[in-house]
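Here is the naming used below: chain letters follow the sequence lines, and residue numbers restart at 1 for every chain.
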Amino acid sequence: MERVIVGMSGGVDSAVSAYLLKQQGYDVVGVFMKNWDDKKDGQCTAAEDFDDVRSVCNAIGIPYYTVNFEKEYWERVFSYFLKEYQNGRTPNPDVLCNQEIKFSAFWDFAHKTGTRYIATGHYAKAENVNGKVLLKKAADQSKDQTYFLCMLKMEQLENVLFPLGDMQKSEVRKIAEEQGLAVARKKDSTGICFIGERKFKEFLKNYLPARPGEMRTLSGEYIGQHDGLMYYTLGQRRGLDIGGRGTGERWFVVKKDMDQNILYVEQGANHPALYSRALWMRAFNFISGAPGAKQFECGAKFRYRQPDQQVNVSVKEDGYLVEFAQKQRAVTPGQYCVLYDGDICLGGGVIEDVLF
RNA sequence: UGGGGUGUAGCCAAGUGGUAAGGCACGGGACUUUGACUCCCGCAUUCGUAGGUUCAAAUCCUGCCACCCCAG
């Protein structure tokens with residue numbers, strides 16, 4: 001009987017994943033990763049989540065353990081997260097978390113115990129095709145999580161199982177219900193992976209010093225004060241506290257000037273300054289190997305759950321130029337550009353610059 | 001201290017006798033394994049203030065206060 005270690009978060013998806021693998025005849029072991037010390041900021045969701053893992057594993061009839069990657073998470077994910085914010089960018093820690101923790105540290109741990117497979121509750125598929133492993137979109141298109149897996153290599157995917165790849169979320173909940181799993185109706189968790197939902201501004205304030213400054217329009221008109229550039233991201237509306245000015249439309253962040261500590265804002269949800277025509281990446285991770293062509297057309301996402309956008313990719317000496325068929329709203333440095341060929345996720349890279 | 005104007009929620013702003021529009025901001029929720037966007041709900045028993053007229057006033061009258069502008 002082949003053994004598989006399932007990363008259990010305490011949610012329905014990983015619970016049903018474990019159940020399905022057990023049904024398929026695997027020797028299933030549940031492992032709960034504790035990667036964040038939440039005692040220091042007053043939250044205690046990890047303890048509750050572990051209670052749910054215990055309950056689910058008992059119901060399914062599999063052993064369960066805990067493994068602690070707090071140190072790795074801090075060093076390989078969180079420190080980068082803070083550094084990016086300090087540089088005025090908007091990082092995506094969850095992509096990095098998959099790259100560094102779930103499919104690296106966690107895999108190493110499993111491998112050391114002599115286990116061949118790890119599994120997670122991600123909505124994605126890993127398929128062997130002609131000696132290559134391809135990462136493909138999940139059957140449930142609205143839940144597809146390949147965006148977050150864009151930095152993996154096929155070597156990492158080789159020993160990974162995604163039991164939910166062909167399932168609809170509604171089926172997953174139904175199975176959990178039928179099996180009497182305690183988490184059947186538990187709300188999906190959101191927020192930074194392993195950290196959870198936080199009031200973001202308050203959270204960041206604990207780690208980075210805020211430097212208030214001016215808010216101006218691109219033409220230089222003074223609009224007001226901001227609390228610190230790190231609290232704002234491109235395309236953001238809330239938290240600006242600007243009311244009663246100009247046309248009465250909403251205001252959005254269109255640019256951050258780190259040198260002068262100025263936050264640029266413009267009015268109107270469709271303001272031209274919000275739309276860009278291309279982006280630049282210094283590096284790109286091709287999951288299953290780089291394509292031969294120096295230039296190609298494909299689909300792309302600039303944020304999770306965005307419908308694929310048509311782009312033209314040019315491979316340059318020192319990076320990748322991605323030009324959009326349609327102008328794109330609020331493409332943001334620090335976030336990931338993920339490329340798709342139909343259902344196949346080609347890979348991703350950090351957005352370095354945005355071209356207008 | 002002569003003349004003119006304005007004072008409606010945090011901001012902008014409708015409403016000139018019939019019992020407080022709307023927008024922005026803000027708060028809450030939905031959506032969501034990042035950050036955002038979006039959507040939904042909420043948000044002045046009260047109209048600078050004190051009186052008066054009226055069945056009824058933010059709307060009419062009077063006093064006072066504040067701010068603005070032009071004169072000086």
Side-chain angles (χ1 to χ4, degrees), chain A residues 7-14 17 33 35-36 45 49 73 77-78 80-82 84-85 87-103 120-124 138 140 142-151 164 169 186-204 208 215 223-225 229-254 256 265-271 274-275 301-307 328-338 348 350-351 354:
Chain A
M8 306 281 286
S9 67
V12 252
D13 294 332
S14 54
S17 296
M33 277 178 260
N35 300 341
W36 184 255
T45 49
D49 287 336
Y73 185 82
V77 179
F78 202 68
Y80 167 86
F81 168 84
L82 293 180
E84 284 287 87
Y85 268 110
N87 292 333
R89 316 213 312 173
T90 307
N92 188 325
D94 290 359
V95 172
L96 199 58
C97 176
N98 285 322
Q99 180 184 353
E100 295 292 331
I101 306 297
K102 291 177 184 165
F103 297 92
T120 68
H122 282 105
Y123 287 84
D140 189 334
S142 71
K143 291 300 294 183
D144 173 57
Q145 288 169 323
T146 51
Y147 181 86
F148 289 107
L149 304 173
C150 68
M151 293 307 282
L164 306 185
K169 179 81 185 196
K186 184 173 174 180
K187 192 179 183 322
D188 288 359
S189 69
T190 56
I192 301 172
C193 208
F194 297 118
I195 297 179
E197 294 188 71
R198 300 297 155 103
K199 293 197 168 181
F200 205 73
K201 203 165 168 181
E202 299 300 312
F203 179 68
L204 264 190
L208 294 174
M215 279 194 282
I223 299 297
Q225 295 291 117
L229 290 183
M230 65 181 176
Y231 296 134
Y232 309 90
T233 190
L234 301 188
Q236 180 170 335
R237 158 161 96 95
R238 308 201 94 118
L240 294 176
D241 236 319
I242 310 168
R245 273 182 168 267
T247 63
E249 292 175 284
R250 300 160 170 183
W251 290 81
F252 295 88
V253 174
V254 297
K256 294 162 80 168
V265 294
E266 285 292 347
Q267 196 162 24
N270 292 313
H271 190 97
L274 246 16
Y275 288 83
K301 292 186 200 298
F302 312 106
R303 53 173 48 75
Y304 179 50
R305 282 169 60 84
Q306 176 186 29
Q328 297 295 314
R329 187 179 193 281
V331 174
T332 307
Q335 292 285 298
Y336 288 81
C337 168
V338 180
V350 175
I351 298 166
V354 179

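Rounded to a whole angstrom, the distance from the P atom of B:C61 to that of B:A25 is 38 Å. Atom P of B:G17 sits at a distance of 14 Å from the matching atom of B:A57, rounded to the whole Å. The same atom, P, is picked in B:C70 and in B:G10; the two are 29 Å apart, to the nearest Å.
In this entry the distance linking CZ of A:Phe302 with C1' of B:G35 reads 17 Å, nearest Å. Rounded to whole angstrom, the span from the CD1 atom of A:Ile242 across to the C1' atom of B:C11 amounts to 11 Å. To the nearest angstrom, C1' of B:A25 lies 13 Å from CZ of A:Phe252.
Looking at heavy-atom distances under 4.0 Å, A:Gly248 makes contact with sugar-phosphate atoms alone, never a base. Among the protein residues, A:Leu96 comes within range of no part of the nucleic acid, since none of its heavy atoms lies under 4.0 Å from any strand. Using a 4.0 Å heavy-atom distance criterion, A:Lys201 is classed as making no nucleic acid contact. Heavy atoms of A:Phe148 sit under 4.0 angstrom from at least one base atom. Looking at heavy-atom distances under 4.0 Å, A:Lys199 makes contact with sugar-phosphate atoms alone, never a base. Among the atoms of the strands shown, none is found under 4.0 Å from any heavy atom of A:Asn270. Among the protein residues, A:Gly121 comes within range of no part of the nucleic acid, since none of its heavy atoms lies under 4.0 Å from any strand. If you check every strand for non-hydrogen atoms under 4.0 Å, A:Tyr85 touches sugar and phosphate atoms only.
A:Arg245 has no side-chain polar atom (N or O) that falls below the 4.0 Å cut-off from OP1 or OP2 of B:C12. Between B:U38 and A:Arg237, a contact under 4.0 Å exists linking OP1 or OP2 to a side-chain N or O. An OP1 or OP2 oxygen of B:G35 is reached within less than 4.0 angstrom by no side-chain nitrogen or oxygen of A:Arg238. Distances shown here put every side-chain N or O of A:Lys301 at or beyond 4.0 Å from the OP1 or OP2 atom of B:U34.
Contact annotation: the side chain of A:Asn270 approaches that of A:Tyr275 to within less than 4.5 Å [non-hydrogen atoms, C-beta and beyond]. Within the 4.5 Å cutoff, side-chain heavy atoms of A:Arg329 are placed close to those of A:Leu274.
Atom SG of A:Cys193 and atom CG of A:Asn92 lie 10.5 Å apart (nearest 0.5 Å).
Checked against the 6.0 Å centroid criterion, the rings of A:Tyr336 and A:Tyr147 do not qualify as a close aromatic pair. Ring pair A:Tyr85/A:Phe200: centre-to-centre distance below 6.0 Å.
Remark on RNA chain B: of its neighbouring residues A:Asn98 and A:Thr247, the 5'-side contact belongs to A:Thr247, judged by nearest-heavy-atom nucleotide. Of the two residues near RNA chain B, A:Gln145 and A:Ala269, the one whose nearest nucleotide lies more 5' is A:Gln145.
The side chain of A:Gln236 approaches B:A36 more closely than any other nucleotide in the set B:U32, B:A25, B:A36. Each of B:C26, B:U32, B:G35 was ranked by its minimum atom distance to the side chain of A:Thr233; first place goes to B:G35. The side chain of A:Thr332 lies closest to B:G35 when the candidates are B:U38, B:G35, B:U34.
For RNA chain B, if you chain together Watson-Crick or G-U pairs that step i with j, i+1 with j-1 and so on, the runs of at least three with distances under 3.5 Å are B:2-7 with B:65-70, B:10-12 with B:22-24, B:26-30 with B:38-42, B:48-52 with B:60-64.
Below 30°, between 30° and 60°, or above 60°: for A:Tyr73 and A:Trp36 the angle between ring planes is above 60°, a perpendicular geometry. Between A:Phe203 and A:Phe78, the ring planes are perpendicular. Angles over 60° get that label, and only those under 30° would be called parallel.
Donor-acceptor pairing under 3.5 Å, judged by distance alone, is present between the side chain of A:Arg303 and the base of B:G35.
Glycosidic conformation of B:C41: anti, with the torsion beyond 90° of 0.
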